[in-house]
Structures are given as structure tokens and as C-alpha cells.
Amino acid sequence: MNKTETIDNYKINYKKHCFSKSIKITLKTEDSILVTMPYLCPYKKARDFLLANLDKIKSFRFETKKYSPDFKTKFDTLKIIQSDYNKTVVKKNIVYFYYFGDFYDKSIQKELKTAHLKALKIESNYLLDRLSYLAKKYGFDYQKAALRNQKTRFGSCSYQNNINLNINLMTYDFDIIDYVLIHELVHTKVKNHSSVFWAEVEKYCPNYRELRKRLKQG
């Protein structure tokens, strides 16, 4: 069972993982820390390790994404407009973000991040359309496709061939998107990451290694 606590205004999440070989500390946000540990590791040992490194963590400056006033989404669904008030309005599948004051103020950037998420949800219907197109083009069958907002996984395919896609894929280039979609479609036939799986991916996406590398780089 995972545990959670608060230390010095940091929300600490302890997570045991059967594949972890050592204790790992990850600063997820400015005030959230993930501690991953081997499955048999005592929580006290992980906590002591965290406390021993807490000062080092506090000195780390968390870099959050900064939006610029000319920021554009892939299909220009987000409109950023300087105004005399702060407000987000969604009209006819367009997100209008009105802001007042210092654009780089933390509160405005936070509101813009929420507006950007609304735009991603609208634009991510492209992922479903493109998945259907590639499936028909290459002869794949899947049951259902759904969109998710996830921090790590870009896609998944269940044993029942239901595919989940991360709406944040819409922040990547189209060729990377196609790689992820093909990756999940191949999983409808090969349920692992064996050499057979990657050979199948390469048939439909010859430069998948380069695209995979770019995807990991963000």
C-alpha cells in the first residue's frame, strides 16, 4: 500500500515498485515529491533517505513551462487576447483566453495552462480520426479508442484491444504522433515489446527509432 505525508509544505508520495532496485526521489512539481522504492524496502528507510536529501531538494529550482503571448496550439484553437480582465471563454470549439496585467505573472500562467488544456481536449479529436485512418490503411482492428490527460504514458492498448491516447500528444509534431498511434496499433497484434513487435513497428514506421528518441526528449 502506498503512503502519503506532508513534510515542510511538500506533499510526499511513497510508491513501492516491484522493478525498482533502489530508492529514487523525483520532484514532480514545486511542492510535490515522489519517492519510488523497491517493493520490500521499509517505508522508514525511504523516509530517512528523503530527509537526508531534503535540503538538496529545497535548493533545486523547479522550472515550469512558460507560455509566451504569441503561443499557438497545433490547430490555433487557443486565442490569447490582452484585455482589461482575466477570463477564459470557450465558443464554437475555440478557447479565448483574456488576460490583464503581467502576462508572466504566476497566476496568469497557471490560468493559461488550464485554458491550454481545454484547447488540447478539443484538438485531440484529431488523434481519434488519425488512429482510424491508420488502422484502415494498414489493416489493424481495435475495439474502442479513448482520450486521456496523462503525465507520462502517451498511449496504451489493452488485451481487449481498447486504445487510450494522451491528449498531450497534440503538443508534438505530426510524425511523432503517427509513431505513437502505430505503436499502439501494433500492440493489437503483439502484446509485448519483443523484437517481433519492433520489427512490426518498423514495417509501418521505418524511422521509429529517431521519432521515439524525439518523443523522449520532449
Side-chain angles (χ1 to χ4, degrees), residues 28-30 32 62-138 140-158 160-188 204-205 208 211-218:
K28 302 297 287 185
T29 65
E30 290 179 333
S32 175
F62 191 84
E63 294 293 333
T64 56
K65 178 179 178 179
K66 288 282 197 303
Y67 292 93
S68 63
D70 59 351
F71 175 79
K72 299 284 186 183
T73 56
K74 193 171 292 298
F75 297 129
D76 201 20
T77 302
L78 177 63
K79 307 292 186 181
I80 301 174
I81 305 165
Q82 189 171 14
S83 180
D84 56 357
Y85 56 87
N86 295 322
K87 189 175 183 180
T88 300
V89 178
V90 181
K91 187 175 181 181
K92 294 183 179 179
N93 284 336
I94 300 293
V95 180
Y96 298 90
F97 178 75
Y98 299 92
Y99 74 94
F100 171 74
D102 181 5
F103 181 81
Y104 293 101
D105 180 80
K106 188 175 181 180
S107 62
I108 291 179
Q109 289 281 311
K110 184 176 181 180
E111 289 177 24
L112 180 51
K113 183 177 181 180
T114 301
H116 183 201
L117 180 60
K118 292 179 186 293
L120 287 178
K121 288 179 178 178
I122 293 170
E123 294 190 358
S124 60
N125 284 305
Y126 167 84
L127 300 175
L128 301 179
D129 293 339
R130 187 66 178 172
L131 182 72
S132 176
Y133 168 80
L134 291 173
K136 290 175 183 176
K137 180 179 180 179
Y138 295 124
F140 289 99
D141 290 313
Y142 59 92
Q143 294 298 316
K144 298 184 211 174
L147 301 171
R148 300 280 187 270
N149 177 27
Q150 297 173 296
K151 292 184 177 179
T152 52
R153 301 185 74 179
F154 291 104
S156 64
C157 178
S158 72
Q160 294 75 35
N161 290 340
N162 294 319
I163 294 177
N164 289 326
L165 298 171
N166 190 336
I167 64 173
N168 292 288
L169 275 172
M170 295 305 298
T171 64
Y172 289 82
D173 294 336
F174 285 112
D175 54 354
I176 292 178
I177 291 175
D178 276 2
Y179 156 67
V180 173
L181 300 184
I182 289 171
H183 183 116
E184 301 311 329
L185 287 171
V186 171
H187 272 314
T188 63
Y204 309 106
C205 186
Y208 82 87
L211 298 173
R212 189 182 180 204
K213 183 178 179 180
R214 283 165 53 195
L215 179 65
K216 289 182 177 181
Q217 290 172 342

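Among residue pairs with one or both ends in residues 79-95, those qualifying as salt bridge (Lys or Arg N to Asp or Glu O under 4.0 Å) are Asp76-Lys79; sequence neighbours excluded.
Scanning for side chain to side chain contact (heavy atoms under 4.5 Å, CB included) contacts around Gln160 gives Ser158, Asn162, with sequence neighbours left out. Residues passing the side chain to side chain contact (heavy atoms under 4.5 Å, CB included) test with Tyr172, sequence neighbours excluded: Phe154, Ile176, Leu215. Judged as a side chain to side chain contact (heavy atoms under 4.5 Å, CB included), and not counting sequence neighbours, the contacts of Glu111 are Asn86, Phe97. With sequence neighbours excluded, the residues that form a side chain to side chain contact (heavy atoms under 4.5 Å, CB included) with Lys121 are Leu117, Ile167. Remark: Asp175 pairs with Arg214 by the salt bridge (charged side-chain N to carboxylate O under 4.0 Å, His left out) rule, at least two apart or across chains.
Atom CG in Asn168 sits 14.5 Å away from atom CZ in Arg153 (nearest 0.5 Å). The structure places NE2 of His116 at 7.5 Å from CD of Glu123, a figure rounded to the nearest 0.5 Å. We find the CD-NZ distance between Gln109 and Lys106 to be 11.5 Å, quoted to the nearest 0.5 Å. Distance CG/Leu211 to CD1/Ile177: 11.5 Å, rounded to 0.5 Å. Remark: Leu181 CG to Ile163 CD1 distance equals 8.0 Å, nearest 0.5 Å. In this structure, CG in Leu128 is found 4.0 Å from CG in Leu147, a value given to the nearest 0.5 Å.
Within the 4.5 Å cutoff, the side chain of Leu112 has heavy atoms near those of the Leu78 side chain. Counting only heavy atoms from C-beta outward, the side chains of Tyr208 and Ile182 never approach each other to under 4.5 Å. In this structure, Phe174 and Lys74 have side chains that are in contact, with non-hydrogen atoms separated by less than 4.5 Å. Looking at heavy atoms from C-beta onward, Tyr204 lies out of side-chain contact with Asp178 at the 4.5 angstrom threshold. Between Met170 and Leu127, some side-chain heavy-atom pair lies under the 4.5 Å cut-off. Between Thr188 and Cys157, some side-chain heavy-atom pair lies under the 4.5 Å cut-off. Residues Ile108 and Asp102 are not in side-chain contact: their nearest non-hydrogen atoms beyond the backbone lie 4.5 Å or more apart.
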Practice item. Check the pair Tyr138 / Leu185 against side chain to side chain contact (heavy atoms under 4.5 Å, CB included), numbers first and verdict last. Key: CA-CA 9 Å; Tyr138 295 124; Leu185 287 171; 5.8 Å; no
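Within a 6.0 Å sphere centred on CG of Asp141, heavy atoms belonging to other residues, nucleotides or ligands number 12 at most. Within 6.0 Å of CZ on Phe100 lie no more than 12 heavy atoms contributed by other residues, nucleotides or ligands. Taking a 6.0 Å sphere around OH of Tyr133, one finds it holds 12 or fewer heavy atoms contributed by other residues, nucleotides or ligands.
Of all non-hydrogen atoms in Ile80 and Ser68, the two that sit nearest each other are CD1-O, 3.9 Å. Across every non-hydrogen atom of Thr73 and Thr77, the tightest pair is OG1-N, 2.9 Å. Closest non-hydrogen pair, Phe103 versus Pro69, comes out as CE2-N, 3.4 Å.
Aromatic rings from Tyr67 and Tyr99 are positioned such that their centres are separated by 6.0 Å or more.
Listed for the Gln150 side chain is no donor-acceptor partner under 3.5 Å among the backbone atoms of Asn166. With hydrogens and angles disregarded, a donor-acceptor distance shorter than 3.5 Å links the side chain of Asn125 to the backbone of Ile122.
Between Tyr85 and Tyr98, the ring planes are tilted. Angles from 30° to 60° get that label.
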